[in-house]
Amino acid sequence: MASVRVCSIDELAVDQAARFVIDGIPIAVVKDSAGDIFAIGDTCTHGDISLAEGFVEDDTLECWAHGSKFSLRTGKPLTLPAYEPVPVFRVELVDGGVHIDPSVTLTV
């Protein structure tokens, strides 16, 4: 699958997550305070909870339900109770738009 435009860069609020579903895959997209944009799997690995409803702090996204924090760069959980990582997707910025290919995940 080719990358899909999910929104414009300007549509993303700083330090907040937005949820998108591409080809059936829920993805949380975050623009941090430095302006960097990340895309990680939107479902907490501890419970079936949308991470996009959580809290962005520095380079982490925290699940609102049980407090697990996931690295936006690696997808790894940094706090319990989650211990399994979420996928991290490559973000491409094209003509002011945010493009994601859900079939391409990154490993760090």
Side-chain angles (χ1 to χ4, degrees):
M1 170 177 218
S3 64
V4 175
R5 185 183 192 279
V6 294
C7 65
S8 73
I9 296 169
D10 294 336
E11 290 177 273
L12 295 173
V14 173
D15 288 339
Q16 292 183 3
R19 183 178 193 268
F20 300 94
V21 178
I22 305 171
D23 200 30
I25 300 171
I27 299 173
V29 179
V30 173
K31 179 167 56 173
D32 70 9
S33 57
D36 295 324
I37 298 176
F38 302 92
I40 67 172
D42 183 50
T43 306
C44 179
T45 56
H46 172 254
D48 194 18
I49 305 291
S50 170
L51 291 175
E53 296 176 22
F55 313 100
V56 176
E57 184 178 338
D58 300 322
D59 64 347
T60 66
L61 181 54
E62 180 180 343
C63 178
W64 65 269
H66 299 110
S68 290
K69 289 185 179 183
F70 293 87
S71 167
L72 293 171
R73 297 181 187 283
T74 67
K76 293 179 182 175
L78 304 175
T79 59
L80 294 173
Y83 57 90
E84 292 291 325
V86 294
V88 175
F89 302 95
R90 184 176 65 213
V91 174
E92 296 177 304
L93 305 178
V94 180
D95 297 328
V98 178
H99 295 249
I100 298 168
D101 182 343
S103 68
V104 179
T105 56
L106 305 174
T107 57
V108 177

Nearest non-hydrogen partners of Thr79 and Gly67, listed with the distance: OG1-O, 3.2 Å
Is any side-chain heavy atom of Asp32 less than 4.5 Å from a side-chain heavy atom of Asp15? yes
Close side-chain approach of Ile27 to Pro102, heavy-atom, < 4.5 Å: yes
Correct closest heavy-atom pair for Phe89 and Thr105 would be CE2-CG2, 3.6 Å
With heavy-atom distances below 4.5 Å as the criterion, would you say the side chains of Glu62 and Ser68 are in contact? no
At what distance, to the nearest 0.5 angstrom, does OG1 of Thr74 lie from CZ of Phe38? 10.5 Å
Determine whether Phe70 and Leu51 make a side-chain contact, defined as any pair of heavy atoms from C-beta on separated by less than 4.5 Å. yes
pair Ile9-Lys31: side-chain heavy atoms closer than 4.5 Å: yes
Going from NE2 on His46 to OH on Tyr83, what distance comes out if it is rounded to the nearest 0.5 angstrom? 8.5 Å
Ile25 CD1 to Ser103 OG distance, which is reported to the nearest 0.5 Å: 7.5 Å
Report yes if the side chains of Ile100 and Ser3 come closer than 4.5 Å at any heavy-atom pair, otherwise no. no
Residues Asp42 and Ser50: closest non-hydrogen pair is OD2-OG, 2.8 Å
According to a 4.5 Å side-chain heavy-atom criterion applied to Ile, Leu, Val, Met, Phe, Trp and Tyr, with indirect links allowed, do Ile22 and Leu12 form part of one hydrophobic cluster? yes
Evaluate the side chain to side chain donor-acceptor pair (under 3.5 Å) criterion for residues Thr60 and Asp58: first the C-alpha distance (whole Å), next the side-chain angles of each, then the deciding distance (0.1 Å), finally the verdict. CA-CA 6 Å; Thr60 66; Asp58 300 322; over 6 Å; no
Kindly work out whether a path of hydrophobic side-chain contacts (I/L/V/M/F/W/Y, heavy atoms less than 4.5 Å apart) joins Val104 to Val21. no
Does atom CZ of Arg5 have more than 12 heavy-atom neighbours, drawn from other residues, nucleotides or ligands, at distances under 6.0 Å? yes
Provide the closest heavy-atom pair for Ser33 versus Val14 in the form atom of the first, atom of the second, distance. CA-CG1, 3.6 Å
To the nearest 0.5 angstrom, please state how far the NZ atom of Lys69 sits from the SG atom of Cys63. 12.5 Å
Given side chains that start at C-beta, do those of Val98 and Val91 come closer than 4.5 Å, heavy atoms only? yes
Please find the pair of heavy atoms, one from Gly54 and one from Leu61, that lie closest to each other, and give the distance. C-CD1, 4.2 Å
Please answer: with hydrophobic residues joined when any side-chain heavy atoms are less than 4.5 Å apart, are Val4 and Leu93 in the same cluster? yes
Heavy-atom closest pair, residues Thr45 and Glu84: OG1-O, 2.6 Å
Would you kindly say whether Glu11 and Ser8 are connected by a side-chain donor-acceptor distance under 3.5 Å? yes
In this structure, CD1 of Ile49 is separated from OG1 of Thr43 (nearest 0.5 Å) by 9.5 Å
